[in-house]
Amino acid sequence: MTVKIPPKKAKDFSKKLYAYYSANKRSFAWRETTDPYKILVSELMLQQTQTSRVVLKYESFLKKFPTPKALATASLTDVLREWQGLGYNRRALYLKKTAETVVSEYKGKFPTDYNQLLSLPGIGQSTAGALMAFAFNTAVPFIETNIRTVFIHFFFNEISAVTDKMLVEAIEQTIDKTCPRDWYYALYDYGTMLKAQNKQMRTLHQKSAHYKKQSKFEGSNRQIRSYIVKAFLAAPKGTLTLASLAKNIDQKADVIAKNLITMTKEGILTKKGQTWSLA
């Protein structure tokens, strides 16, 4: 299915979007900067995390790691300790690895090319597109939950399985190429407003053909991984054995062991003999 939006409908959409944004735009510290590093920090923090929690952590994180070099040269232990409360510790690892790459390969300055941004650790199309828009004011189509909600609401409400290809085509025909920064922020805010209205609006993104229901946190590997990281942060010497972890985490040893193996492969942990530590 090829998406074709009539020019008048696209124009009316933008007018409605900007009218709401003009009267209701939200103020956040990361919207007051065009520094790609600071914007990347906010984008990774905001992934699957409530904005209210990010507000509390964003400035303290940047105070401790104000530049890519400061983050690149910090220990992973310090980075994860500062990240606590945001969940998904792998995002902190990706952020640090990206900072290391920017320092080693780009002399501390983020590339302005979309494909080069995509090559950085843990940066996908959504994050790369957000950096292009918010840091460089360059119009590149990208999708995240609020954007998906807005476009399904306006253009695909009668369709049960909306593909990302369809959404990208709609974005390409409506995007404000003169100021994509404000346009995307307007989409973020409009999407937040829609989802606050009722359950039907909050679940619009589930019409996506790519939607996958997130598993429950309680008892999940995500929870176990979180407990593991906290245990290492609390360990006096920073090292623990499987037996010592099993004493502190209410899970079977084999389940903990599988997570230790995965976290070691990812680079969050390192193993020496029969002990592990944060990498």
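Rounded to the nearest 0.5 angstrom, K96 NZ and F65 CZ are separated by 8.5 Å. Within the model, atoms OH of Y37 and CG of L95 stand 6.0 Å from one another, a figure rounded to the nearest 0.5 Å.
Across every non-hydrogen atom of W83 and N89, the tightest pair is CD1-OD1, 3.8 Å. The two atoms that bring F134 and R181 nearest to each other are O-NE, 3.0 Å, heavy atoms only. Shown here for N221 and V255, the closest heavy-atom pair between the two residues is OD1-CG1, 4.3 Å.
For R148 and E144, the salt-bridge test fails: no basic side-chain N is under 4.0 Å from an acidic carboxylate O. Here E59 does not pair with K63 in a salt bridge; the nearest charged N to carboxylate O distance is not below 4.0 Å.
Judged as a ring pair (Phe, Tyr, Trp, His ring centres under 6.0 Å), and not counting sequence neighbours, the contacts of W30 are F28, Y58. Applying the side-chain hydrogen bond (donor to acceptor under 3.5 Å, both in side chains) criterion to R26, with sequence neighbours excluded, gives D189, T192.
More than 12 heavy atoms of other residues, nucleotides or ligands shown are found within 6.0 angstrom of CD on Q197. Around atom NZ of K230, no more than 12 heavy atoms belonging to other residues, nucleotides or ligands sit under 6.0 Å away.
Of the options R225, R222, Q47, a side chain to side chain donor-acceptor pair (under 3.5 Å) to Y88 is made by R222 and by none of the others.
Inspection of the D164 and Q125 side chains reveals no N or O donor paired with an N or O acceptor under 3.5 Å. Side-chain contact, T264 with W276: a donor N or O sits under 3.5 Å from an acceptor N or O.
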Could you tabulate the donor-acceptor pairs under 3.5 Å formed by side-chain atoms of residues 111-124, not counting sequence neighbours?
from : atom 1 : to   : atom 2 : distance (Å)
D113 : OD2    : N115 : N      : 3.1
D113 : OD2    : Q116 : N      : 3.0
S119 : OG     : Q116 : O      : 2.6

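Annotation: cation-pi pair K57/F61 absent, no NZ/CZ under 6.0 Å from the ring centroid and within 45° of its normal.
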